[in-house]
Protein chains: 2
Amino acid sequence: MADKRGSRPHPRGRRPAGENTRAALLDAARAEFTERGFDGATVRAIAQRAGVDAAMVNHWFGGKDGLFVAAMEIPVNPEEIVHRILDGDPQQAAERLLRTFLSVWDTNGGGALTALARSVASHEQAAQMMREFLSGMVFGPVVSAVAPDQLELRAALCGTQVLGLGMIRYVIRLEPLASAEHNTVVAAIAPNLQRYLTGVL
Amino acid sequence: MADKRGSRPHPRGRRPAGENTRAALLDAARAEFTERGFDGATVRAIAQRAGVDAAMVNHWFGGKDGLFVAAMEIPVNPEEIVHRILDGDPQQAAERLLRTFLSVWDTNGGGALTALARSVASHEQAAQMMREFLSGMVFGPVVSAVAPDQLELRAALCGTQVLGLGMIRYVIRLEPLASAEHNTVVAAIAPNLQRYLTGVL
DNA sequence: ATAGTTTTTCAACTTTCGTTGAAAAGGGGA
DNA sequence: TCCCCTTTTCAACGAAAGTTGAAAAACTAT
């Protein structure tokens, strides 16, 4: 009944291998940052969720900031996403773009974009990453491929619509959009987004 | 040169009257919450900005939470705003709505909505206030007056566009939207917003 | 096998923040 | 004038969080 190690979940030093602490930490960090934002998430909670000690964050990532940057490195390949969006009729690019975001977000509990949105609060670095992600990684390439003019303005406009949708649906959780079917959302928003991409401004 | 009270900025007890601590605290709180969000703002910084002791926050508002709620009580009258938006051609309601938000925000450094947006992070109360403000105070009444059907969906859709604009322009500060003229923004976005209000979904 | 390196936990430190209680000072009514 | 209430600062407390250093355990190479 009274095993000597019974009360201590983990013995001291290195663990039997196989369990990748770094990856576990990244997963836990993504979840916590998404749920609570940069300030709300604590190193201790992330470590506990990953089942390791909080000191591991410093060992592997140098600190909370490093972990945040590493965790927000998007797990999905932006080029592949962009490629899929551009594949087909340019007049339906908005619909494909919207469906892509919705499915990434819904399988992800809000996704990295939501984590960033929640973190932009007091972290200038998050705003920086957001800018780069929005204009550089996703909307920039798409707009360049399908839009006739005013590329930067169109990219920013797409940002307002997509980010606004993310905020309302996942952060504020305003009904009926928060629980609406993908088809409903797409039917309502895709035409507007399409105008930002290829319509006359 | 060496006044006995020279090193102490304020003597102890009550001050000569005339200076309204409560109001100063509210102003400072609005500024700090807007710039840094609920978590980023500290009671001490707010008090220093107001030129009073941090304990005054507890004395007047019961704590940081009470101060936040009090500070977010919107200084602009929503009914008046709604009335102005509804006054005129319903087909141009979106333009008036957009211009109203832009001017409130731009004279306000982002405004209460931005403060709330920055605070939604780890404060469920902020999300609650946001929901009520969006659907109850502004978009709800406007939509009820001009929209033909699906009132709640239309209100939420307007929320995505307006909140997204606020996030991109004031929080993320993505160019060229961040520094664009009001006319440019209105020309680009009003048609889309008008579709959410009165168009066919 | 043994020495050295890497990984891991533990305990403690430091800082920051919200909050509290007591004391001081001005104002107002009896 | 004297007493009481309100307002204000001050000092300190307690909790929480990011970080650090040392010791222990497992792996690796010689």
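Numbered from 1 within each chain, the chains take letters A, B, ... in sequence-line order. The structure displayed is predicted, hence computed values, not measured ones.
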Main-chain N/O of [Y] paired with [X] side-chain donor or acceptor, under 3.5 Å:
X	Y	answer
B:Arg169	B:Gly164	no
A:Lys64	A:Val57	no
B:Arg99	B:Val186	no

Pair B:Thr160-A:Gln161, side-chain hydrogen bond (donor to acceptor under 3.5 Å, both in side chains): steps then yes or no: CA-CA 6 Å; B:Thr160 68; A:Gln161 181 57 86; 3.1 Å; yes

For [X], side chain to side chain donor-acceptor pair (under 3.5 Å) partners two or more places apart:
X	value
A:Thr184	none
B:Arg49	B:Glu32, B:Glu35
A:Glu175	A:Ser179

Sub-4.0 Å heavy-atom contacts from residues 61-69 of chain A onto DNA chain C, ordered by number: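 Correct list: empty, so none.
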
Just distance, no hydrogens or angles: give the donor-acceptor pairs under 3.5 Å from side chains in residues 82-94 of chain A, sequence neighbours left out.
unit_1	atom_1	unit_2	atom_2	d
A:Arg84	NH2	A:Glu80	OE2	3.4
A:Asp89	OD1	A:Gln91	N	3.0

Sugar-phosphate, base or nothing in reach of B:Ala47, heavy atoms under 4.0 Å: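 Here B:Ala47 touches no strand at all.
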
Among B:Leu25, B:Val43, B:Ile46, side chain to side chain contact (heavy atoms under 4.5 Å, CB included) partner for B:Met56: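 Output: one option passes, namely B:Leu25.
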
Looking only at side-chain atoms of [X], point me to the closest of [options].
X	options	answer
B:Val43	C:dT9, C:dT19, D:dT9	C:dT19
B:His59	D:dT8, C:dT9, C:dT20	D:dT8
B:Thr21	D:dT20, D:dT7, D:dG18	D:dT7

Rounded to whole angstroms, how far apart are [atom1] on [X] and [atom2] on [N]?
X	N	atom1	atom2	answer
A:Asp39	D:dA16	CG	P	17 Å
A:Arg22	C:dT8	CZ	C1'	16 Å
A:Asp53	D:dA24	CG	P	16 Å
B:Met56	D:dC10	CE	C1'	11 Å
A:Asn58	D:dA17	CG	C1'	12 Å

B:Trp60 vs D:dT7: side-chain N/O to OP1/OP2 distance below 4.0 Å: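 Answer no for this pair, as no side-chain N or O of B:Trp60 is under 4.0 Å from OP1 or OP2.
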
Phosphate contact (D:dA16 OP1 or OP2) by A:Thr42 side-chain N/O below 4.0 Å: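 Negative; the distance criterion is not met.
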
Polar atom pairs (N or O), protein with nucleotides 12-15 of chain D, under 3.5 Å:
none

